[in-house]
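Have a look at the structure below, then the notes.
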Amino acid sequence: MKRYLILAALLALVSCQKTPNVYTLKAGDITMSVTDFGARVMRLTAPDRDGNVANIVIGHETAAEYIHPTGERFLGACVGPVANRIGAAQFELDGVVYHTPINDNGHNTLHGGFKGVDNLFWDVKSVTDSSIVFHLLHPDGLEGWPGNLDITMTYALNSQNEFRISYLATTDKATPVNLTHHPFFCLRGDGQGRVEEYLMTINASHYIPIDAESIPTGEIAPVEGTPFDFREPHLIGERIGLDDQQLVNARGYDHNWCIDKSTDGVELICTVEDPVSGRFIEILTDQPGLQFYSGNFFTGDEYRTSLALETQKYPDAVNHPDFTPEILRPGEEYSHTCIYRFSVR
């Protein structure tokens, strides 16, 4: 415990002393601004059906504002080393019980803890007009996570208006790994509109129910006959206000869908359309899960103006033997591809 608190304090001191850099990428109709603090996407512009260009992600104006945020911490960041939640802020691996920080609901760990990969400076290994390669060594013992986790992550845009994220990681000690990107998409552009007005599909016949603290119950439940069935297009607002205990637990949607994958490769798993602007996103991945969060915990004018779509492994899998394994061991390689493809309807 003392070791990871000291490491966290040292890293916090370094973060306070460094100045984040910002890089601009462009390809096709897409322009994106990225900072090395948390490998965050600060801005992403795309045209609507009339050719009007607007920023379609929620973020801050300057990179420095991410270091000491006054609101949502995870805007546009890479999160990990284990995204989503760890129940009771602990897990057992190979007979050893590991304790991780309590930074969620007074009992659990969220997105790696206080000093997750979103709160660290990443090294920039290379930059082109349309791509950037980041590297981060997440040290053994930082906030309780075992192993020196060596991560390389690439952001790349292309002429098909795709934003491709590629993750590779290795470790020198067995450790859970579940990295993901945490975007907040506002398809109407520039913070306008509401996610309830978006039309969504998710290729999943099952989802993962949660308790009142958003920790998986251990069940993998069918979506049939529930508000979680998006196998056919539905407006997000159509059922979000129903008297359903799962919706009550999350104040809306903040759940992981178990994707009906037909291969181990990259497949289309989700689409979201804003009928007003015509902007349309397709999400493709090789991961088994999709976390859809409908912005329920924002307040004021930001309430449900954006949504997060995070490709990942199942949440809290390290504490649920029936979930998809997320343990990376020495000699193995973690890999993960996520593609956000933008177009208009």
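One-based numbering along the sequence shown.
Here the shortest heavy-atom pairing between His138 and Val117 reads CD2-CG1, 4.0 Å. Of all non-hydrogen atoms in Ala83 and Thr180, the two that sit nearest each other are CB-CG2, 3.5 Å. Smallest separation of non-hydrogen atoms from Leu149 and Pro81: CD2-CB, 3.8 Å. Closest non-hydrogen pair, Ile102 versus His107, comes out as CG2-N, 3.5 Å. For Val41 against Tyr155, the heavy-atom pair with the smallest separation is CG2-CE1, 4.0 Å. Of all heavy-atom pairs between Pro227 and Asp244, the closest is CD-OD2, 3.7 Å.
By the rule that hydrophobic residues join a cluster once side-chain heavy atoms approach within less than 4.5 Å of another member, Ile215 and Phe228 end up as members of separate clusters. Under the 4.5 Å side-chain heavy-atom criterion for Ile, Leu, Val, Met, Phe, Trp and Tyr, Val124 and Leu136 are members of the same hydrophobic cluster. Clustering ILVMFWY residues whenever any of their side-chain heavy atoms sit less than 4.5 angstrom apart, transitively, puts Tyr98 in the very cluster that holds Ile327. Criterion: ILVMFWY side-chain heavy atoms under 4.5 Å apart, direct or through other members. Under it, Ile210 and Leu309 are not part of a common hydrophobic cluster. Grouping the Ile, Leu, Val, Met, Phe, Trp and Tyr side chains by contacts below 4.5 angstrom, directly or via other members, places Tyr167 with Leu290.
Side-chain contact, Asn161 with Arg341: no donor N or O sits under 3.5 Å from an acceptor N or O. At a cut-off of 3.5 Å, with distance as the only test, a side-chain donor of Asp150 or His135 sits close to an acceptor on the other residue. Side-chain polar atoms of Asn319 and Glu92 form no donor-acceptor pair below 3.5 angstrom.
Residue Glu333 places its CD atom among more than 12 non-hydrogen atoms of other residues, nucleotides or ligands, all under 6.0 Å distant. Sparse packing is recorded around CG of Asp129, with 12 or fewer heavy atoms of other residues, nucleotides or ligands lying under 6.0 Å away.
A donor-acceptor pair is defined here as one N or O able to donate and one able to accept, closer than 3.5 Å; no such pair exists between the side chain of Thr337 and the backbone of Ser166. The closest donor-acceptor contact from the side chain of Asn108 to the backbone of Ala89 lies at 3.5 Å or more, if one exists at all. No donor-acceptor pair under 3.5 Å is formed between the side chain of Asp48 and the backbone N or O of Gly278. Although no hydrogens or angles enter the test, the distance criterion places no donor-acceptor pair under 3.5 Å between the side chain of Asn148 and the main chain of Asp172. Judged by distance alone, the side chain of Trp145 and the main-chain N or O of Gly112 form a donor-acceptor pair under 3.5 Å. Not one N or O on the side chain of Arg85 forms a donor-acceptor pair closer than 3.5 Å with the backbone of Pro216. In this structure a side-chain-to-backbone donor-acceptor pair under 3.5 Å is missing from Thr305 to Gly191.
Atoms CG and SG, from Leu120 and Cys78 in turn, are 10.0 Å apart once rounded to the nearest 0.5 Å. Cys186 contributes atom SG, which lies 9.0 Å from atom CD1 of Ile56 (distance to the nearest 0.5 angstrom). Here Leu179 contributes atom CG and Tyr334 contributes atom OH; the two are 4.5 Å apart, rounded to the nearest 0.5 Å. Annotation: the span from Asn256 atom CG to Glu310 atom CD amounts to 8.5 Å, rounded to 0.5 Å. Put simply, CE on Met42 and NE2 on His60 are 9.0 Å apart, with the number rounded to the nearest 0.5 Å. Atom CD of Glu238 is separated from atom CG of Leu242 by 8.5 Å, given to the nearest 0.5 angstrom.
Using cut-offs of 30° and 60° for the angle between ring planes, the Phe163 and His181 rings count as perpendicular. Ring-plane geometry between Phe297 and Tyr293 is classed as parallel, the angle between the planes falling under 30 degrees on a 0 to 90 degree scale with a further cut at 60. Using cut-offs of 30° and 60° for the angle between ring planes, the Phe184 and Phe298 rings count as perpendicular.
Using a 4.5 Å cut-off on side-chain heavy atoms (C-beta onward), Gln312 and Asn84 make contact.
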Q: Begin with the C-alpha distance, continue with both residues' side-chain angles, and end with the deciding distance and a verdict on side chain to side chain contact (heavy atoms under 4.5 Å, CB included) for Phe121 and Asn21.
A: CA-CA 10 Å; Phe121 279 91; Asn21 297 300; over 6 Å; no
Q: Please test His182 against Asp118 for side chain to side chain contact (heavy atoms under 4.5 Å, CB included), starting from the C-alpha separation and ending with a verdict.
A: CA-CA 10 Å; His182 205 307; Asp118 68 293; over 6 Å; no
Q: Determine, stepwise, if the pair Arg304 / Asn296 fulfils side-chain hydrogen bond (donor to acceptor under 3.5 Å, both in side chains).
A: CA-CA 6 Å; Arg304 289 189 184 161; Asn296 317 311; 3.1 Å; yes
Q. What do the steps show when you test Trp257 against Ile269 for side chain to side chain contact (heavy atoms under 4.5 Å, CB included), and what is the final call?
A. CA-CA 10 Å; Trp257 274 255; Ile269 65 165; over 6 Å; no
Q. Could you go step by step and tell me if Phe91 and Thr100 meet the side chain to side chain contact (heavy atoms under 4.5 Å, CB included) rule?
A. CA-CA 8 Å; Phe91 61 91; Thr100 51; 3.9 Å; yes
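Taking the six-membered ring for Trp, Phe185 and Tyr198 have ring centres at least 6.0 Å apart. Taking the six-membered ring where the residue is Trp, the centroids of Phe230 and Tyr253 are separated by under 6.0 Å. Checked against a 6.0 Å centroid threshold, the rings of His111 and Phe74 count as neighbours.
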